[in-house]
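Quick note on labels: first sequence line is chain A, next is B, and so on, each numbered from 1. Here the structure is a predicted model, which is why all the values come from computation and not from measurement.
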Protein chains: 2
Amino acid sequence: MPTDKNIELSISDDHASAPPKAAKKILDVAYDLFYRRGIRAIGVDEIVKRAGVTKPSLYRSFPSKDELAASYLRQYDLEYWERFDEAVKAHPDDPRAQIKAFLTRIGKRTQVADYRGCGMTNAAVEYPDHSHPARVVSEANKQELRRRLRVMAAAMGAQDADTLGDGLLLLIEGAYISGQLFGLGGPAQSVATNADLLIEASLKK
Amino acid sequence: MPTDKNIELSISDDHASAPPKAAKKILDVAYDLFYRRGIRAIGVDEIVKRAGVTKPSLYRSFPSKDELAASYLRQYDLEYWERFDEAVKAHPDDPRAQIKAFLTRIGKRTQVADYRGCGMTNAAVEYPDHSHPARVVSEANKQELRRRLRVMAAAMGAQDADTLGDGLLLLIEGAYISGQLFGLGGPAQSVATNADLLIEASLKK
DNA sequence: ATGTATACGTACCGATCGGTAACATTGTCA
DNA sequence: TGACAATGTTACCGATCGGTACGTATACAT
């Protein structure tokens, strides 16, 4: 998938004769608006307006709004696994600590005002149709998350690794959703604690 | 959940001075469409068409589409607590069994094709603005769910009742979401099992 | 200087959005 | 019969939706 493109050079591209590329500006703005306010809620007119470009520019880089939404989620996917891998790398060969680190981070993120949960989850709610381009990306992301959690649960030595992996996924999804539902002080702040309790209860004795 | 269709001729309602009420037909159809396909995805034209009424009829009974959506959720709220109370009544004075029954039911519901999760949760995702009429109803429902779960967790004798109650809420929300994300065979089928593990690990010894 | 290719803008499309005005029709009850 | 309330009918509103036809500007190589 060509994630249009030129994401690099992020630090400084103001120098010299390199205009910031309409496609990148569009994707950046779409990312922000789609995530914060929802995909269906944002029209292409608002995107191009905020990006300082025009509509034909959008449609030269992206074949449709739906595909722009899919591109937004592909970018989201990249950053998602970066965060995930950070937690993993911070605790080599210790899947339980990896999970704890990842969930602690999620729990913290949910405790900021106007937290909007997981872009992948939100997109799937907005588009029930499994064939929608955005939903395809979302489902793939979640399948991968499930796979990783099950692998980690097995590495922890769970009695039933698949059940524990799925339980952790339920807690994570619950944190994403209740984070945006309850705002500050909501149930999501206890996700890491509850996950650790669940892990403890699921290990082979 | 009302399968659309005019309730006309339903057993006994044709007699006497009770015309089938356009408002009821509209709300039934809106309920079905909003739940299955999302609120933003459904236009008022489609609602009145499927309900066999006209647009002015809709706006005589509901001041706006947003308020119709709120009415849909108020109806959803009623039926939600009916289901909840069924599980409660089935196991008097046994909150752990009550939770297990409620979650087993949720786990089963998530395992049907085209499951669409919780209407309350979905509406909150569709409308991030806390002042939106639909979201107000949704947030109230979730606050009440949280309150009940915490009370039940306390009644179970949890070491930290609030944490357990919130953990159960996370699992429930996770089940709603992953139920519609993964379809058959998804993580939501293990929600009751995981909840019971979490409860076991949270009780005072 | 000129050709060529790419990037961009102006202006517009038909369709649909939520919502309404004005009037005709119906059934119920008095 | 007459009054009333509920619903239907038709036609319309301005705004916004996603998307496009087509002309213009700039950059660079020849």
Side-chain angles (χ1 to χ4, degrees), chain A residues 2 4-6 9 13-30 33-34 37-72 123 126-127 129 131-135, chain B residues 6-9 12-30 33-34 37-72 123 126-127 129 131-135:
Chain A
D4 297 20
K5 81 243 328 227
N6 314 15
L9 264 202
D13 62 15
D14 49 319
H15 68 66
S17 56
K21 288 289 184 200
K24 182 186 188 316
K25 288 194 289 183
I26 290 166
L27 187 55
D28 285 350
V29 169
L33 291 177
F34 283 164
R37 312 208 342 236
I39 298 170
R40 295 197 113 113
I42 299 296
V44 291
D45 291 281
E46 183 163 1
I47 293 174
V48 299
K49 190 176 157 194
R50 305 265 271 243
V53 301
T54 56
K55 238 192 297 192
S57 281
L58 191 157
Y59 285 96
R60 276 175 213 116
S61 299
F62 306 92
S64 65
K65 184 200 175 185
D66 288 345
E67 281 301 329
L68 173 59
S71 292
Y72 143 57
E126 284 199 90
Y127 295 99
D129 181 356
S131 67
H132 190 283
R135 173 140 192 154
Chain B
N6 321 3
I7 309 303
E8 74 206 84
L9 292 211
S12 65
D13 131 13
D14 45 322
H15 70 60
S17 57
K21 288 289 184 194
K24 179 178 190 325
K25 289 194 289 184
I26 291 166
L27 187 55
D28 285 350
V29 168
L33 291 177
F34 283 163
R37 311 209 342 235
I39 298 170
R40 294 198 115 111
I42 298 296
V44 292
D45 290 281
E46 184 164 0
I47 293 173
V48 299
K49 191 175 154 194
R50 303 265 272 244
V53 301
T54 56
K55 235 187 308 187
S57 279
L58 191 158
Y59 284 97
R60 282 179 203 118
S61 300
F62 305 92
S64 66
K65 184 199 174 185
D66 288 345
E67 280 301 329
L68 174 58
S71 293
Y72 144 57
E126 284 200 89
Y127 294 98
D129 180 356
S131 68
H132 190 285
R135 174 142 191 152

**Q.** 4.5 Å side-chain heavy-atom contact, Val53(B) and Val48(B)
**A.** yes

Q. Do the side chains of Ile39(A) and Lys65(A) get nearer than 4.5 Å, heavy atoms only?
A. yes

At a cut-off of 3.5 Å, list every protein nitrogen or oxygen paired with a nitrogen or oxygen from nucleotides 12-18 of chain C, distance to 0.1 Å.
from    : atom 1 : to       : atom 2 : distance (Å)
dG18(C) : OP1    : Lys65(B) : NZ     : 2.8
dG18(C) : OP2    : Val44(B) : N      : 2.9

Q: May I ask you to evaluate whether Ser57(B) reaches the phosphate of dG8(D), defined as a side-chain N or O under 4.0 Å from OP1 or OP2?
A: yes

Measure all distances between protein nitrogen or oxygen atoms and nitrogen or oxygen atoms of nucleotides 4-6 of chain C, and list the pairs falling under 3.5 Å.
none

(Q) Counting distance alone, no hydrogens or angles: does the base of dG19(C) have a donor or acceptor under 3.5 Å from a partner atom on the side chain of Arg60(B)? (A) no

Q: Would you please name every residue forming a ring pair (Phe, Tyr, Trp, His ring centres under 6.0 Å) with Tyr127(A), sequence neighbours left out?
A: His132(A)

Q: Name all residues meeting the ring pair (Phe, Tyr, Trp, His ring centres under 6.0 Å) criterion together with Tyr72(B); count only those two or more places apart in sequence or in a different chain, and write none if there are none.
A: Tyr31(B), Phe34(B)

Could you tell me how far apart [X] ([atom1]) and [N] ([atom2]) are, to the nearest whole angstrom?
{"X": "Ile47(A)", "N": "dG19(D)", "atom1": "CD1", "atom2": "P", "value": "11 Å"}
{"X": "Leu68(A)", "N": "dG19(D)", "atom1": "CG", "atom2": "C1'", "value": "13 Å"}
{"X": "Asp66(A)", "N": "dG19(D)", "atom1": "CG", "atom2": "P", "value": "7 Å"}

Q: Measure from the side chain of Ala22(A), starting at C-beta and using heavy atoms only, and say which of dC8(C), dG9(C), dG8(D) lies closest.
A: dC8(C)

Q: List for me each residue that meets side chain to side chain donor-acceptor pair (under 3.5 Å) alongside Glu46(B), sequence neighbours excluded, and say none if there are none.
A: Arg37(B), Arg50(B)

(Q) For Asp45(B), is there an ion pair with Lys49(B) - N to carboxylate O distance below 4.0 angstrom? (A) no

Q: Using distance alone, with no hydrogens and no angle criterion, decide if Ser64(B) and Asp66(B) have a side-chain donor and acceptor under 3.5 Å apart.
A: no

(Q) My understanding is that only residues two or more places apart in sequence, or in another chain, count here; which of them pass side-chain contact (heavy atoms from CB on, under 4.5 Å) with Ser71(B)? (A) Leu27(B), Phe62(B), Arg74(B)

